Trainee: 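The following block contains the structure, expressed as structure tokens.
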Amino acid sequence: MTVAKPLPHDAAHLHVTGQARYVDDIPTPAHCLHLVFGLSDIAHGIITEIDLDPVRQAPGVLAVLTADDLPFDNDVSPSAHDEPLLSKGEIFYLGQPIFLVIAESYLAARKAARLGEITYDERPAILTIDDAMAANSRFEDGPRIYAKGDVERAISEAPHQVRGSIEVGGQEHFYLEGQAAVALPQEGGDMIVHSSTQHPTEIQHKVAEAIGQPMHSVRVEVRRMGGGFGGKESQGNALAVACAVAARATGRPCKMRYDRDDDMMVTGKRHDLRINYHVGFDDEGRIAGVDFTHLMRCGWAQDLSLPVADRAMLHADNAYHLPTARVTSHRLKTHTQSATAFRGFGGPQGMVGIERVLDHIAHFLGRDGLEVRRRNFYASGGSISRTIKPHTTHYGMEVTDFILHEMVEALEVSSDYHARRAAVAEWNARNPLLKKGIALTPVKFGISFTLTHLNQAGALVHVYQDGSIHLNHGGTEMGQGLFQKVAQVAADRFGVPLAAVKITATDTGKVPNTSATAASSGSDLNGMAVKIACDEIRDRMARCLAELHQADPAKVVFRDGHVEVGADRLSFAEAAALTYQNRVSLSATGFYKTPKLQWDRIKGYGRPFFYFAYGAAVTEVVIDTLTGENRILRADILHDCGASLNPALDIGQIEGGYVQGAGWLTTEELVWDDKGRLRTHAPSTYKIPACSDRPDIFNVALWDGQNREETIYRSKAVGEPPFMLGISAFLALSDAVAACGADYPALDAPATAERILAAVNRVHA
Amino acid sequence: MTITFLLNGETVQVDAPPTRTLLDWLREDRGLTGTKEGCNEGDCGACTVIVTDDDGPKTLNACILFLPQLHGKAVRTVEGISGPGGKLHPVQQAMIDHHGSQCGFCTPGFVVSMACAHMKKRSDFDDQLAGNLCRCTGYAPIIRAAKAAASEPVPDWMIDTPLENVQNAHLPENTDELAAWYADHPDATLIAGATDVGLWVTKQLRDLAPVAFLHRCNDLQRIDIAKDHTHIGAGCTMTQVLEWASDHFPSYAELIRRYGSTQVRNAATIGGNIANGSPIGDNPPALIALDAKLHLRHGDMQRVINIEDFFIDYGKQDSAPGEFVEAVSIPHQPNHLKCYKLSKRFDQDISAVCGCFNISIENNHVTAARIAFGGMAGIPKRASHVEQTLIGQTWSKETIKTAQTVFSKDFQPLSDMRASAVYRLQTAENMLMRYYLESIGEKTSVLEVQP
Ligand SMILES: Cc1cc2nc3c(=O)[nH]c(=O)nc-3n(C[C@H](O)[C@H](O)[C@H](O)COP(=O)(O)OP(=O)(O)OC[C@H]3O[C@@H](n4cnc5c(N)ncnc54)[C@H](O)[C@@H]3O)c2cc1C
Ligand code: FES
Ligand code: FES
């Protein structure tokens with residue numbers, strides 16, 4: 001069995017020796033040209049004059065393109081056709097590409113790109129949530145509203161009410177490898193594109209439109225990304241399209257990669273938002289109704305903001321049964337970078353809202369946060385029977401697989417939660433300056449694309465005569481270990497050692513019409529598609545061999561690198577050769593679509609998710625009340641991956657997700673000035689967690705269970721859910737602040753030292 | 001200019017413009033693409049290489065390392081970390097075994113940092129790896145790998161010896177040569193560690209000519225302990241200063257431990273950190289608090305000034321064209337120094353506020369006080385009003401509280417992306433309280449709290 005083994009990442013050896021190739025490492029043919037965008041200097045206005053002569057005359061420059069020079073579609077949007085590659089005359093954010101420099105070297109292109117002289121008629125920019133609300137600047141006609149029951153009445157009739165608001169900052173992806181693409185022009189106008197993208201089919205589609213060719217003329221290849229996190233779902237379009245357009249214009253290979261500062265200035269980030277809440281509850285903290293308003297800054301173009309904002313609404317319940325609820329979501333259009341997908345895709349933002357509400361309720365009642373949380377949990381999946389009906393979410397989906405009662409109980413014991421909580425209180429009583437805090441928060445995350453048709457995947461599997469297996473699927477590798485998990489599945493289906501299986505670069509010519517590798521769906525979808533293709537070949541082999549050996553095909557067994565047919569035992573290679581000689585195809589495609597989904601996003605009703613993935617974390621922190629400085633001391637995590645395909649890779653996703661989630665809510669602060677200029681556009685000013693920021697004690701365990709739904713080997717998706725375990729760090733900080741005085745801390749995110757000190761000042765006051 | 005050095009054990013000669021970075025040269029000219037570019041400004045460590053000179057091996061960021069800085073030295077990139085026939089280095093094997101790579105983009109940089117730490121038998125992994133960012137793993141498996149490899153022997157292929165007798169590459173070989181040349185070329189740019197100048201090239205895309213490199217002036221890189229003071233050459237790296245300070249002023253050492261990262265400290269010089277006149281450099285406040293003197297030199301002329309007088313105004317220092325920083329000297333004194341660095345992230349972050357306090361107390365009275373701040377004004381600046389309010393008073397909470405009220409006379413800080421003015425002022429005041437509370441034995445640092 002290769003499945004369920006903690007095998008290393010398939011490229012680990014290549015990674016550690018520096019041999020793993022990323023887009024910028026691919027040797028380019030001679031005469032490769034280099035591209036850089038000239039960017040806007042203002043957030044909103046009309047270009048009145050544009051003088052690019054200095055750019056054209058700069059050393060090494062071959063050509064400079066503007067919107068007028070684009071022969072076909074000038075658009076790189078993944079959704080609403082509202083995102084020109086190069087500005088058509090109006091500027092919508094500071095950092096928007098206006099012209100494209102094509103030069104003999106990267107340095108020459110970078111230097112020239114700064115020489116454009118552009119005059120603007122500057123217009124007032126809508127930068128903040130309040131600006132946008134005042135101007136009614138938004139996507140869609142009005143707010144989207146998902147509701148369940150008479151929430152106003154439930155709140156007003158409840159024994160207690162609290163009202164509040166939290167600002168939640170955005171997040172820069174900071175994939176270590178910046179955006180990059182290379183286009184290699186082919187005969188007859190065809191184009192081969194290497195792109196660091198999570199979505200090769202989209203690149204193919206946008207490139208085809210931009211060079212006026214059908215999709216069959218464009219082949220996109222992705223071997224790996226140096227991190228994606230959602231930031232390469234749509235944000236790579238511009239570079240790939242620019243390369244293809246320039247390659248078409250010059251007939252030469254073209255490469256584009258963003259310098260880190262450009263990357264941060266140009267591309268979208270996680271949506272920041274304000275969440276207003278009003279909740280009614282009883283003496284024990286049981287919620288009767290909660291009313292959320294999400295005010296999300298989406299930036300200048302629609303990009304993926306609608307499904308992101310939808311998913312935020314869909315996670316406004318997290319793990320809690322809301323008898324009545326309303327979520328009102330404003331998708332605000334601002335003159336800033338177009339916010340985009342980021343691990344969790346809005347889910348984390350929605351979840352922070354309800355976790356904040358529970359924290360507020362617990363503080364109001366003077367009760368332990370965990371006790372209040374547990375009281376509001378959905379009914380346990382195990383307890384559901386003919387008499388006990390499952391709870392339904394605020395969007396009408398029954399929650400039938402809820403396992404957090406059991407998981408949280410186990411985590412309470414393994415993390416020694418109650419004793420540590422008492423120890424924290426005692427420590428705080430002794431320490432006037434430093435305060436500790438502790439919090440346990442759960443995660444329930446819905447798995448499936450909410451745009452139902454995306455829940456499909458394809459695979460292409462070949463068995464060669466020597467018994468080696470080559471396969472492709474539609475998913476992309478960005479570090480999550482998808483290739484290894486899928487290879488483990490294939491090896492298991494054929495009963496061969498893992499070394500017999502090779503997965504090569506994702507290629508739109510091998511598997512067409514793929515969905516983005518996103519929504520944590522990579523191994524669920526592609527694992528299944530590969531399994532189906534492998535089983536098809538295996539069954540053909542079995543039928544062929546059974547006939548030759550006059551045996552029952554159902555009794556042909558593939559294991560240990562061999563095929564057992566009746567009393568005979570052949571090596572897998574012999575079996576493959578024999579099948580080939582008998583003129584049976586050893587190549588098959590596989591196709592999978594997720595069952596049971598039904599979702600109406602306008603009504604906000606149905607079953608958008610195949611299943612839920614669960615997890616819980618306890619974090620302990622300490623803060624300094626003189627400066628707000630703070631540190632995570634310990635984190636204990638229990639996470640549900642169903643029957644894990646590869647526990648080592650899954651634990652890697654959990655550790656990494658937690659630290660990234662905690663980073664989002666603590667040190668990672670995006671700051672724009674009043675002109676709309678992003679001031680934190682490099683790692684010198686934008687601080688992702690460093691090595692010493694991980695918890696000193698970091699215990700991660702997998703919940704031993706199986707997916708109740710029929711997923712690949714009953715495993716569960718793991719890419720996004722653990723990100724939200726980082727919310728426990730945020731609420732532990734809030735808990736530490738609460739130890740400084742009587743008032744509710746009402747901490748905003750990210751909880752930088754400065755915000756923590758401000759909250760300390762507030763509760764002291 | 002023609003530069004000679006060892007690259008993964010082989011001698012290479014390079015003709016290149018003086019500000020060609022090692023990273024660009026490796027990737028573009030040599031096709032050695034294992035070394036990655038993650039930021040091109042020294043902050044992520046994806047480009048880490050090992051450079052060996054007479055002091056032994058150290059890690060540096062190749063993205064802000066100019067080729068002439070390598071003259072006569074030995075460079076080892078990730079491609080040279082595995083041995084003959086592709087034999088893995090113990091840290092490479094451990095990274096595989098402990099799942100230390102996910103997307104793998106940061107991995108070559110980590111492997112190089114880990115291999116260097118391994119060679120130097122360092123086990124302070126958080127510090128050794130503070131300059132390597134990873135967005136995927138959350139670092140835990142990388143630390144497990146570093147620990148697992150620690151007891152393995154250093155492979156023999158890792159041992160580099162710098163080149164002897166390299167031919168002159170027209171780099172100043174001592175301070176006198178430098179002084180004479182600079183006096184003749186006052187418009188030239190001096191390049192010491194290039195942790196500032198590197199960014200002028202990689203980010204501002206400036207052409208810097210002419211330039212003079214300081215790194216071959218060995219006589220600028222010495223720390224000498226004299227009878228009544230310590231003399232620190234301007235070319236001493238922050239790594240050298242850290243080592244010295246740990247014995248004499250541990251709190252200054254702790255400040256420098258959090259200055260940049262291992263790679264940055266191995267390059268950045270104390271002279272550069274002073275000469276650039278930055279209001280947010282970490283050394284000047286500490287040096288002002290220690291009453292240090294600055295030694296300036298122009299040709300054969302030398303002068304000595306109080307270090308605080310060097311900083312006249314934002315972007316304006318007391319130095320003439322052709323004059324450079326030769327050294328800084330610190331009078332021997334009992335250690336009362338405490339340095340507090342406030343930044344969004346503990347490691348590898350520029351200070352929002354850096355406060356340095358040197359307060360003498362006798363018979364429970366303040367007899368002397370030197371207090372200086374970075375990040376609170378356009379220059380590193382003394383808190384004169386605060387000092388005056390303290391001197392002569394009893395050492396008590398009340399005195400501190402009174403002194404806290406006069407900070408606004410000394411400082412009107414700005415708001416920027418690192419912190420607001422209000423926060424800067426409040427925390428500066430609170431740092432004085434922290435100094436007091438520490439003096440009476442209170443626990444004040446979250447870094448010292450155990451889970
Ligand atoms: C990633 C990173 C992190 C950093 N973190 C910190 C930090 O935490 N704290 C901090 O204070 N700084 C930090 N810095 C800033 C930087 O390290 C310093 O300013 C550094 O000390 C400059 O020294 P250098 O030797 O590298 O100078 P260079 O870059 O070589 O030169 C800087 C300037 O000083 C001039 N110069 C150099 N030597 C002399 C001399 N002897 N006489 C006269 N002029 C001279 C140069 O001409 C130039 O104008 C960081 C920088 C980077 C890239
Ligand atoms: S590329 Fe980031 S430190 Fe050099
Ligand atoms: S493994 Fe992806 S950045 Fe470290």
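Here the structure is a predicted model, which is why all the values come from computation and not from measurement. Throughout, a chain's letter reflects where its sequence line sits, starting with A, and its residues are numbered from 1.
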Trainee: Please look at B:Asp349 and chain A and tell me whether the side chain, the backbone, both or neither of the residue comes under 4.5 angstrom of a heavy atom of that chain.
Mentor: both
Trainee: Between chain A and each of B:Gly34, B:Cys106, B:Cys103, B:Gly138, count heavy-atom pairs under 4.5 Å; write down the option with the most.
Mentor: B:Cys103
Trainee: Given that the side chain runs from C-beta out, which part of A:Trp672 has a heavy atom under 4.5 Å from chain B: side chain, backbone, both or neither?
Mentor: neither
Trainee: Heavy-atom distance under 4.5 Å between the side chains of A:Ser196 and A:Met225, does that happen here?
Mentor: yes
Trainee: Between A:Val659 and chain B, which part of the residue has a heavy atom less than 4.5 Å away: side chain, backbone, both or neither?
Mentor: side chain
Trainee: With chain A, which of B:Gln93, B:Arg424, B:Arg144 has the greatest number of heavy-atom pairs at distances under 4.5 Å?
Mentor: B:Arg144
Trainee: Which atoms of B:Ile96 are under 4.5 Å from chain A, going by heavy atoms: the side chain, the backbone, both sets, or neither?
Mentor: both
Trainee: Let me know if B:Asp124 has heavy atoms under 4.5 Å from chain A in its side chain, its backbone, both or neither.
Mentor: neither
Trainee: Quick one: what part of B:Leu447 sits under 4.5 Å from any heavy atom of chain A, side chain, backbone, both or neither?
Mentor: both
Trainee: Would B:Arg20 and B:Glu28 pass as an ion pair if we require N to O under 4.0 Å?
Mentor: yes
Trainee: Is the distance between the ring centroids of A:Tyr686 and A:Phe174 under 6.0 Å?
Mentor: no
Trainee: Side chain, backbone, both or neither: which part of A:Asp624 has an atom under 4.5 Å from a heavy atom of chain B?
Mentor: both
Trainee: Is the terminal nitrogen or CZ of B:Lys36 (NZ for Lys, CZ for Arg) located under 6.0 angstrom from the six-membered ring centre of A:Tyr22 and within 45° of that ring's axis?
Mentor: no
Trainee: Given the options B:Thr427, B:Val91, B:Val422, which has more heavy-atom pairs under 4.5 Å with chain A than any of the others?
Mentor: B:Thr427
Trainee: Under the 6.0 Å and 45° cation-pi test, does B:Arg257 pair with B:Phe346?
Mentor: no
Trainee: Contact part of B:Ser343 toward chain A, heavy-atom cut-off under 4.5 Å: side chain, backbone, both or neither?
Mentor: neither
Trainee: Between B:Gln92 and chain A, with a heavy-atom cut-off of 4.5 Å, which part of the residue counts as in contact: side chain, backbone, both or neither?
Mentor: both
Trainee: Does the side chain of B:Met114 come within less than 4.5 Å of B:Leu129's, by heavy atoms?
Mentor: yes
Trainee: Measuring heavy-atom distances to chain B, does A:Ala682 have an atom under 4.5 Å in its side chain, in its backbone, in both, or in neither?
Mentor: both
Trainee: Does any backbone or side-chain atom of A:Leu176 lie under 4.5 Å from a heavy atom of chain B? Answer side chain, backbone, both or neither.
Mentor: both
Trainee: Is A:Glu668 close to A:Glu172 at the side-chain level, that is, under 4.5 Å between some pair of heavy atoms?
Mentor: no
Trainee: Do you know which of B:Arg345, B:Glu429, B:Met417 has the most heavy-atom pairs with chain A at a distance under 4.5 angstrom?
Mentor: B:Arg345
Trainee: Of the backbone (N, CA, C, O) and the side chain (C-beta and beyond), which part of A:Gln480 lies under 4.5 Å from a heavy atom of chain B, both, or neither?
Mentor: neither
Trainee: Hey, which of B:Thr77, B:Asn61, B:Thr262 is the one that makes side chain to side chain contact (heavy atoms under 4.5 Å, CB included) with B:Thr48?
Mentor: B:Asn61
Trainee: Does the gap between the ring centers of B:Phe373 and B:Tyr340 come in under 6.0 Å?
Mentor: no
Trainee: Under 4.5 Å from any heavy atom of chain A, what part of B:Ser82 do you find: side chain, backbone, both or neither?
Mentor: side chain
Trainee: Can you say whether A:Glu655 sits under 4.5 Å from chain B via the side chain, the backbone, both, or neither, judging by heavy atoms?
Mentor: both
Trainee: Is the closest side-chain heavy-atom distance between A:Leu633 and B:Gln450 below 4.5 Å?
Mentor: no
Trainee: Could you pull out the closest heavy-atom pair between A:Ile623 and A:Asn630, with the gap in Å?
Mentor: CG2-CB, 3.8 Å
Trainee: Let me know if A:Arg257 has heavy atoms under 4.5 Å from chain B in its side chain, its backbone, both or neither.
Mentor: side chain
Trainee: Where does B:Val111 contact chain A at under 4.5 Å (heavy atoms): side chain, backbone, both or neither?
Mentor: side chain
Trainee: For residues A:Leu7 and A:Ala648, report the shortest heavy-atom separation together with the two atoms involved.
Mentor: O-CB, 4.4 Å
Trainee: So which atom in B:Asp347 and which in A:Ser692 form the shortest heavy-atom distance, rounded to 0.1 Å?
Mentor: OD2-OG, 2.6 Å
Trainee: Any idea which of B:Pro108, B:Gly100, B:Ser445, B:Ser420 has the most non-hydrogen atom pairs under 4.5 angstrom with chain A?
Mentor: B:Ser420
Trainee: Does any heavy atom of chain B fall under 4.5 Å from the side chain of A:Arg114, the backbone, both, or neither of them?
Mentor: side chain
Trainee: Compute the ring centroids of A:Phe723 and A:Trp664, then answer whether they are less than 6.0 Å apart.
Mentor: yes
Trainee: With only heavy atoms counted, which part of B:Ile143 is less than 4.5 Å from chain A, the side chain, the backbone, both or neither?
Mentor: side chain
Trainee: What part of A:Ile688 lies closer than 4.5 angstrom to a heavy atom of chain B: side chain, backbone, both or neither?
Mentor: both
Trainee: Which bit of A:Asp693 is near chain B, if near means a heavy-atom gap under 4.5 Å: side chain, backbone, both or neither?
Mentor: side chain
